[in-house]
Amino acid sequence: MAWVYQNDIILKISIPDHIIDEIRDRTDIVTVISDHVVLKKVGKNFKGLCPFHSEKTPSFSVSPEKRIYHCFGCGVGGNVFKFLMEIQSISFPEVLKVMAERAGIPLPRNSSDHSTDPGHKERESLRKLNEAATRYFQSLLKNPEGGLSARNYLTSRHFDAETLERYRVGWAAPTWKGLLTHVQQKSSVTQEQLLKSGLIIQKEDSSTVYDRFRGRVIFPIKDLHSNIIGFGGRSINEEDQPKYLNSPETLLYQKSETLFGMDQAKQAIRKENQVILVEGYFDQMRAVQHGIEYVVATCGTALTAKQASMLRNHAETAILIFDSDSAGRSAAEKGFDILLEHGMNVKIVVLPEGQDPDSFIQEQGAESFLEKVRNAKPFMESYIDALVRESPGQTPADKVKMANQILPLLVKIKNTVERSAWLEKFTSKTNIDDRTFLKELSKALTQNQPRLAETKSELAPILNLEKHLVHLILSDKETAQTILLEVDPEDFSDPILKAIVQTCKQKIEKDEDLRIDQLLDQTEDPEIRNILSRLGLESVEFESPERTVTDCVGKFKNIRLKSKIKDLKLQRLDAANAGQVERSQELQAQLREMHLALTH
């Protein structure tokens, strides 16, 4: 019989010591830990990245001879039982049960009845309840009449019976208490347990309860060991909103620690040493149905540090597959940040507009999708290409804007050689050759500055002038009206100042006063707030406000015009080199008009 001290509670485990020793002897600690950590043999031991803290250099060591593990980074250590208790957040009795089943050793029938760990009993009851709910949902999908609409929907999405069975996909009928009634009739599960599982909802200010999932295709969500911990539901009628509905967080289901399909994909991910990251259930299932196994889905939530840590313990490279719209780009950028922090190589595939992995694989086939995966660009290269593609021109303002977009990502790359290489690629693709500007870029990167400081290069005049104009706008409502009649906020090169001027223009158009304390309330961007508060406290005096406004507006227009002239000259040169005579003459005519407009 074993006594175990856990969470300040002494657990009495009625399993003979010799059985516990036999479980330990017949368990390979390297095999068990390898389910969670990529281990490599180093001498007598095995090493890998610690699953209990974030690191880029392996400090986690496993000794098969001594049957222990230890991390020289964070100091955690123990035997195979302790590892599973920590990594899965389960009790000692649960570990014994898992390891006994794995080793093929029968446990005494009454061994689990004597556990005094309430958490273990609650988790076990939730698992059984989720399993019962899954079987119920599966039976509804297979019902000849009741499941017909759901089967027709899944058929229209081209999912075969083998895939649906593999994922144990089910159907929740459009009734209010179908699951609730079924479970209460078939078992002794209480209403409180059903509420804790998230399968039913209690109406506010009422004792009325009803099923959470109604009229939805059901996807069981599993943990790393294929235990069902929650559910996702997809409506089959467009009018039923939200389109996707997930279980709430429970004792078993933590969204930040779960990736859909990870239980099935983990071996393939290890084999390929890379993972394909998609957004939805159907995206992941479509890939697997077509034989692409190393795919997991975030299911509509932003990638978390815990998910990234799980992925890093299985592979070195992550390939992000996101939609080509701005939301997809934003999600990819956030994913890159987190994966990079966990030491992963990050690549990206951008699919054609309007397509996701599900539709692309269905229409183009698995090989076309895999070709895109094989040709996936490093995230930084793809990001730089997108910046260049979306930039309206090659003016100094455009270059400052692009530099301030790329710097926040570059400063997160800790390897200085890699960082310098990406900076060189960026300056090459954006045709930045101004020595002073290049020097400032390198300086910002060396000092881990996420924004370009104002410099004495060709960019300085417009940056300082823009700041001066904002001072004038904030000084007086009439002055602001005069300036904004002459100056377009879109012409500001500094994105922070541009945002401030745009907000001021909106307030002026509504005939509202410009008060910095109110402007501060209208933004959540810390950089904008910092600039606003600094502008508000900087002491600036104007001897003749009217003349100052005229001079500043005139200089601003001149500088903008000169930038456009420089850009047009480059275009004219390109046209001449390409033999486009008519285009070259057209650009020359525009240049003459611009030169005449200069006030010198």
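None of these values were measured; they are calculated from a predicted model.
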Apply ring-ring contact (aromatic ring centres under 6.0 Å, His included) to Y167 and list each qualifying residue two or more places apart in sequence or on a separate chain. F260
N273 (side chain) donor-acceptor with A315 (main chain) under 3.5 angstrom: no
In Å, rounded to the nearest 0.5 Å, how long is the span from CG of L164 to OG1 of T155? 8.0 Å
Value rounded to 0.5 Å, distance of CG in D240 from CZ in R234: 10.0 Å
Picking from L474, L469, L484, what satisfies side chain to side chain contact (heavy atoms under 4.5 Å, CB included) with V501? L484
Side chain to side chain donor-acceptor pair (under 3.5 Å) evaluation trace for D356 with S359: CA-CA 6 Å; D356 53 29; S359 62; 3.0 Å; yes
I'd like to know if R312 pairs up with E341 as an ion pair, taking the criterion as any Lys NZ or Arg NE/NH1/NH2 lying under 4.0 Å from an Asp or Glu carboxylate oxygen. no
Using modelled atom types only, decide if a donor and an acceptor are shared between the side chain of R419 and the backbone of I413 within a distance under 3.5 Å. yes
Identified side-chain hydrogen bond (donor to acceptor under 3.5 Å, both in side chains) partner of R583 from the options Q580, Q585, E586: E586
Counting N and O atoms only, with roles assigned by atom type, does the side chain of S533 sit under 3.5 Å from a partner on the main chain of N530, one being a donor and the other an acceptor? yes
With distance as the sole test, does Q289 use its side chain to make a donor-acceptor pair with the main-chain N or O of D160 at under 3.5 Å? yes
Kindly state whether the ring of F219 and the ring of F282 have centres lying under 6.0 angstrom apart. yes
Between H342 and A305, is there a donor-acceptor pair closer than 3.5 Å when you use the side chain of the first and the backbone of the second? yes
